[in-house]
Student: 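Sending over a structure as structure tokens; questions will come in a sec.
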Amino acid sequence: PTQMPIWIFEDFRPDQFEENDEASQPINANPDGDGFSPIGQLSDTDPLFAGAPVGDIKDINLGVSFAREIFKFLFTSQRIYRATSSGLTDLSRPGNYSSVFPWNSLQYLNAMYAVNGVDPLQKYTLADPTFLNAPGLPNNLTARHIAVSHNVLHLANTFDTLEGNKTSRWRWSGLGLPDSFTPAPETQSDFRDIPQLGELRGITGGDFVSLLFENGIARGDYVGPLSS
């Protein structure tokens with residue numbers, strides 16, 4: 001992706017609760033680090049998550065396998081669970097996790113991918129025994145946010161053991177290669193830093209990528225050859 005229109009915000013920044021009194025007490029959200037996260041409570045009407053550590057929930061998501069089996073995932077700071085009618089099954093990788101940020105997860109084809117800004121990008125092929133570090137990651141790459149657009153996996157606000165935190169970095173996988181994040185012309189994997197807009201606070205996918213920064217919004221459109 002190379003085309004990128006940019007919109008810059010003015011002074012109003014409602015996602016920064018410490019700087020904006022009117023947004024310091026949001027409904028159905030809690031201050032979390034330098035932004036907000038969902039309230040860490042489960043519905044009393046959903047027995048599938050009974051016994052979960054209610055105050056430690058970082059994300060809940062669904063996946064559907066190619067065989068049309070439904071997977072319900074519960075992410076906490078140290079573990080990932082699958083909820084079934086018989087209770088919670090621990091799907092955590094060996095060694096568990098050390099997340100201090102909310103998890104972000106999504107399904108890509110027959111796999112669930114998840115990031116928490118600390119542990120390497122996690123991958124779970126639906127029906128596998130556990131989540132694992134995505135194969136072939138350069139320098140234990142991870143991110144705070146994740147999205148899919150045009151058969152490409154996108155990461156925003158990244159961290160790796162070589163360069164550390166890159167809070168304004170947008171990074172994307174190879175075309176049709178969601179585990180390939182080593183920049184290379186032949187795969188079309190690459191990254192882009194946009195420091196003039198501040199920290200990346202979120203990303204959305206679809207027909208194009210919307211990058212949500214603390215000082216503005218950028219749009220990424222795929223313009224390369226559709227070779228995969």
Side-chain angles (χ1 to χ4, degrees), residues 28-33 35-148 153-161 165 171 173 177-181 202-203 205:
N28 295 327
N30 283 328
D32 191 339
F36 294 101
S37 65
I39 291 177
Q41 294 182 350
L42 295 175
S43 169
D44 292 336
T45 62
D46 191 347
L48 292 179
F49 297 126
V54 171
D56 191 33
I57 297 168
K58 299 292 187 179
D59 190 27
I60 295 174
N61 210 341
L62 295 176
V64 181
S65 71
F66 288 159
R68 299 189 178 182
E69 182 180 3
I70 297 176
F71 290 74
K72 294 186 177 183
F73 298 100
L74 172 68
F75 297 81
T76 71
S77 61
Q78 295 186 352
R79 296 179 181 274
I80 303 174
Y81 300 96
R82 180 190 176 188
T84 67
S85 58
S86 58
L88 296 176
T89 300
D90 193 343
L91 299 180
S92 307
R93 67 170 187 185
N96 299 322
Y97 304 101
S98 55
S99 174
V100 295
F101 304 114
W103 283 88
N104 275 265
S105 58
L106 55 77
Q107 183 173 349
Y108 181 94
L109 299 177
N110 202 42
M112 182 68 67
Y113 287 86
V115 293
N116 63 19
V118 177
D119 299 291
L121 171 66
Q122 294 296 289
K123 179 181 181 180
Y124 176 77
T125 301
L126 299 182
D128 274 1
T130 66
F131 276 82
L132 293 172
N133 296 352
L137 284 178
N139 305 305
N140 290 326
L141 176 65
T142 189
R144 293 278 301 274
H145 312 285
I146 189 170
V148 171
L153 196 62
H154 298 261
L155 303 178
N157 194 334
T158 67
F159 172 84
D160 64 66
T161 54
N165 289 308
R171 192 159 181 166
S173 73
L177 301 169
D179 299 332
S180 178
F181 280 93
I203 185 172

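Position 1 is the first residue of the sequence, and the numbers go up from there. The model shown is predicted, which means the values in this text are computed figures rather than measured ones.
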Student: Between Q122 and Y97, do the side chains contain a donor N or O and an acceptor N or O under 3.5 Å apart?
Tutor: yes

Student: Could you tell me if the side chain of I57 sits less than 4.5 Å from the side chain of F75, heavy atoms only?
Tutor: no

Student: Working to the nearest 0.5 Å, report the span between CG of L155 and CG of D160.
Tutor: 11.0 Å

Student: Enter the distance from T161:OG1 to N139:CG here, rounded to the nearest 0.5 Å.
Tutor: 4.0 Å

Student: If you apply the rule salt bridge (charged side-chain N to carboxylate O under 4.0 Å, His left out), what do you find for D119 with R93, and how did you get there?
Tutor: CA-CA 11 Å; D119 299 291; R93 67 170 187 185; 2.9 Å; yes

Student: Spell out, as yes or no, whether a donor-acceptor pair under 3.5 Å connects the side chain of D128 to the backbone of T130.
Tutor: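 Looks like no, no N/O pair under 3.5 Å.
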
Student: Output yes when a side-chain donor or acceptor of S180 lies under 3.5 Å from a complementary backbone atom of S173, and no otherwise.
Tutor: no

Student: Rounded to the nearest 0.5 Å, what's the gap from CD1 on I60 to NZ on K58? Could you check?
Tutor: 13.0 Å

Student: Contact between F159 and N140 at the side-chain level, heavy atoms closer than 4.5 Å - yes or no?
Tutor: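 No, too far: nothing below the 4.5 Å cut-off.
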
Student: Can you confirm whether the side chains of D59 and S105 place a donor and an acceptor under 3.5 Å from each other?
Tutor: yes

Student: Less than 4.5 Å apart, side chain to side chain, heavy atoms only: is that true for K123 and P135?
Tutor: yes

Student: Does Q107 use its side chain to pair, donor to acceptor, with the backbone of L109 at less than 3.5 Å?
Tutor: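 A pair under 3.5 Å: yes.
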
Student: Answer whether the closest heavy-atom distance between the side chains of V115 and T142 falls below 4.5 Å.
Tutor: yes

Student: State whether the side chain of W103 and the backbone N or O of T76 hold a donor-acceptor pair below 3.5 Å, judged by distance alone.
Tutor: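 Looks like yes, one N/O pair under 3.5 Å.
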
Student: Report yes if some heavy atom in the side chain of N133 is under 4.5 Å from a heavy atom in the side chain of L121; otherwise report no.
Tutor: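 Sidechains of L121 and N133: no contact.
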
Student: What I'd like to find out is whether the side chain of E69 reaches to under 4.5 Å of the side chain of V64, using heavy atoms alone.
Tutor: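 E69 does not reach V64 side chain to side chain.
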
Student: Check whether any side-chain heavy atom of V118 sits under 4.5 Å from a side-chain heavy atom of F101, and report yes or no.
Tutor: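 Yes. Closest side-chain heavy atoms under 4.5 Å.
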
Student: State, to 0.1 Å, how close P94 and L132 come at their nearest heavy-atom pair, and which atoms those are.
Tutor: CD-CD2, 4.2 Å

Student: Run the ring-centre check on Y124 versus F73 and record whether the distance is less than 6.0 Å.
Tutor: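 So the answer is yes for these two rings.
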
Student: Report yes or no: does R144 contribute a side-chain atom to a donor-acceptor pair with the main-chain N or O of A156 at less than 3.5 Å?
Tutor: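 Side chain of R144 to backbone of A156: no pair is present.
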
Student: Run the side chain to side chain donor-acceptor pair (under 3.5 Å) test against N104 and tell me which residues pass, sequence neighbours left out.
Tutor: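 Side chain to side chain donor-acceptor pair (under 3.5 Å) list for N104, sorted by chain: empty.
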
Student: We want to know whether Y108 and D179 form a side-chain donor-acceptor pair, criterion being a heavy-atom distance below 3.5 angstrom.
Tutor: no

Student: Would you say P138 and R171 make side-chain contact, with heavy atoms under 4.5 Å?
Tutor: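 Heavy-atom side-chain distance check passes, below 4.5 Å.
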
